Protein chains: 2
Amino acid sequence: MATQPRQKPDGTSSDYALDDQIGFILRKVSQRHTTIFAAAFPDLTAPQWATLAKLYEGGPSSQNQLGRLVALDAATIKGVVDRLGARGLTVTTPDPADARRVVVALTEAGRKEAERGFPIAAAVTAETLGALSAEERVQLVQLLKALE
Amino acid sequence: MATQPRQKPDGTSSDYALDDQIGFILRKVSQRHTTIFAAAFPDLTAPQWATLAKLYEGGPSSQNQLGRLVALDAATIKGVVDRLGARGLTVTTPDPADARRVVVALTEAGRKEAERGFPIAAAVTAETLGALSAEERVQLVQLLKALE
DNA sequence: CCGAATTCATTTGTATGCAAATAATTGTCC
DNA sequence: GGACAATTATTTGCATACAAATGAATTCGG
């Protein structure tokens, strides 16, 4: 059962269909994930959570280095750290060994928030992948990681 | 070769690793796609291209309906349409049949830009999926579509 | 037919994301 | 040791995203 190429207004045909493009699909799946995440974490965005989780996993880090760990550029990680700091979840101190750097660390409240969040974040992942079997989930993650 | 559960600072262990979470991976893959897209389309963002492509595929549409087709909410599609209109790629007219609606359509320049873009957009998809075999690409799209 | 619910478009506010420019500091290399 | 390159953090500007509120128009149910 072969699929027919789309018929364009000018009569020519093409195989391009927006709904089948990886970029468009990625955006829609990301949107659904964002919705699920927001319902589970009313007071935290996904990048904010990623920052907390990475600080918990890896300990204090310079701001730019932290940004690289969570895939946020220098301008974006600054905003995220500022907002986490304003809420008392992180603290920022100058690096004694390098005057250019500021070191970002979790506060006690930040550690508690991270520990509270881990099971919730795991549930967000599970719900996002809810339509897939265990094997399919592994497959999907494997395929996506090849595209990172 | 079993993987060890991550060791947390407090000594307890957990299976949660940010780098393995679907949301985090999706964001990173989307970022890479955005980079590839921007290099191929210096003057168009992916949502702007999606809007052009959908208008070309489906013809004129009310603004909100168009937003649903390209997965942009009412506030976002408005900005996209405004910017496309400012560049002469789309035109906006009131709907005679429904005074609430505005109809968005491609201009001749918009049609030409869409036709010019199709092969480029196909190349962006191909480059994004470059690390995967043909079967893997089909698999990935299939798995992602199950999550939409 | 009429009041209520819905839809449509707009606006405001907040939060990413990214490019580009800048200033301060550190590292490198001859 | 000193010019020069690279790194770090910041700032500005633009473009998504999304929640929430608003006002106008249409649809629906009784």
Side-chain angles (χ1 to χ4, degrees), chain A residues 23-24 26-39 41-52 60-87 89 92-104, chain B residues 23-24 26-39 41-52 61-87 89-90 92-104:
Chain A
F24 188 63
L26 281 171
R27 183 161 62 81
K28 288 199 286 184
V29 175
S30 294
Q31 284 175 350
R32 179 164 163 271
H33 175 264
T34 297
T35 300
I36 294 170
F37 189 97
F41 286 100
D43 298 322
L44 227 43
T45 66
Q48 288 170 5
W49 163 252
T51 302
L52 287 185
S61 167
S62 84
Q63 190 173 272
N64 276 12
Q65 171 61 20
L66 181 58
R68 286 190 287 273
L69 292 174
V70 294
L72 298 173
D73 70 13
T76 304
I77 188 64
K78 189 205 183 310
V80 172
V81 166
D82 282 353
R83 282 180 284 277
L84 291 175
R87 290 179 45 191
L89 300 176
T92 264
T93 55
D95 186 336
D98 189 336
R100 294 170 302 178
R101 292 188 177 146
V102 296
V103 176
V104 184
Chain B
F24 189 64
L26 281 172
R27 182 160 63 81
K28 288 198 285 183
V29 176
S30 294
Q31 285 175 349
R32 178 165 163 272
H33 175 264
T34 297
T35 300
I36 295 169
F37 188 97
F41 286 100
D43 297 322
L44 226 44
T45 65
Q48 287 169 7
W49 163 252
T51 302
L52 287 184
S61 167
S62 83
Q63 189 172 274
N64 276 11
Q65 171 61 20
L66 181 57
R68 285 189 288 272
L69 292 175
V70 293
L72 298 174
D73 70 13
T76 304
I77 188 64
K78 189 204 184 307
V80 172
V81 166
D82 283 353
R83 282 180 284 277
L84 291 175
R87 291 179 45 192
L89 300 176
T90 58
T92 264
T93 55
D95 185 338
D98 188 335
R100 295 170 302 178
R101 291 188 178 147
V102 295
V103 176
V104 183

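Just so it is clear, the model here is predicted, and its values are computed rather than measured. These values consider heavy atoms only, across backbone and side chains, with no hydrogens, waters or symmetry-generated copies. Here is how names work: the chains are called A, B, and so on, in the same order as the sequence lines, proteins then strands, and each is numbered from 1.
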Point to revise | Residue pair A:Leu44 / A:Arg87, side-chain heavy-atom distance below 4.5 Å | key: yes
Point to revise | Whole-Å distance separating the CD atom of B:Gln31 from the P atom of D:dA17 | key: 13 Å
Point to revise | Closest to side chain of B:Arg101, choosing from C:dA9, C:dT25, D:dA25 | key: C:dA9
Review point. Rounded to the Å, how far apart are A:Asp95 CG and D:dA9 P?
Key: 9 Å
Revision key, fill the gap. Output for pair (B:Leu26 CG, A:Lys28 NZ), nearest 0.5 Å, gives 14.0 Å
Check your understanding: Quick one: A:Phe37 CZ to D:dA19 C1', roughly how many Å, whole number?
Key -> 16 Å
**Study point:** Step-by-step side-chain contact (heavy atoms from CB on, under 4.5 Å) determination, A:Arg32 to A:Ile36
**Key:** CA-CA 6 Å; A:Arg32 179 164 163 271; A:Ile36 294 170; 3.9 Å; yes
If you restrict it to nitrogen or oxygen atoms, what contacts under 3.5 Å exist between nucleotides 11-16 of chain D and the protein, and what is each distance?
residue, atom, partner, partner atom, Å
D:dT16, OP1, B:Thr45, OG1, 2.5
D:dT16, OP2, B:Gln48, NE2, 3.0
D:dT16, OP2, B:Arg83, NE, 2.8
D:dT16, OP2, B:Arg83, NH2, 3.0
D:dT16, O5', B:Arg83, NH2, 3.3

Check your understanding: How are the rings of A:Phe37 and A:His33 set relative to one another: parallel (under 30°), tilted (30 to 60°) or perpendicular (over 60°)?
Key -> tilted
Practice item. Say whether, by atom type as modelled, one donor and one acceptor occur between the side chain of A:Gln63 and the main chain of A:Val81 under 3.5 angstrom. Key: no
Practice item. Keeping the roles fixed (side chain from A:Arg27, backbone from B:Pro47), state whether a donor-acceptor pair exists under 3.5 Å. Key: no
Practice item. Dump the intermediate steps for side-chain contact (heavy atoms from CB on, under 4.5 Å) on B:Val104 and B:Thr51, then the final yes or no. Key: CA-CA 10 Å; B:Val104 183; B:Thr51 302; 5.8 Å; no
Practice item. Indicate whether OP1 or OP2 belonging to C:dA24 is found under 4.0 Å from a side-chain N or O atom of A:Arg100. Key: no
Review point. Heavy atom of residues 61-70 of chain B under 4.0 Å from DNA chain D: which residues?
Key: none
Practice item. Check every strand shown and say whether B:Asp73 touches a base, only sugar-phosphate, or nothing at a heavy-atom separation below 4.0 Å. Key: base
Check your understanding: Looking only at atom types and distance, does a side-chain atom of B:Thr90 sit under 3.5 Å from a main-chain N or O of B:Gly85, one as donor and one as acceptor?
Key -> yes
Review point. Just how far, in rounded Å, is P of D:dT10 from CD1 of A:Ile77?
Key: 11 Å
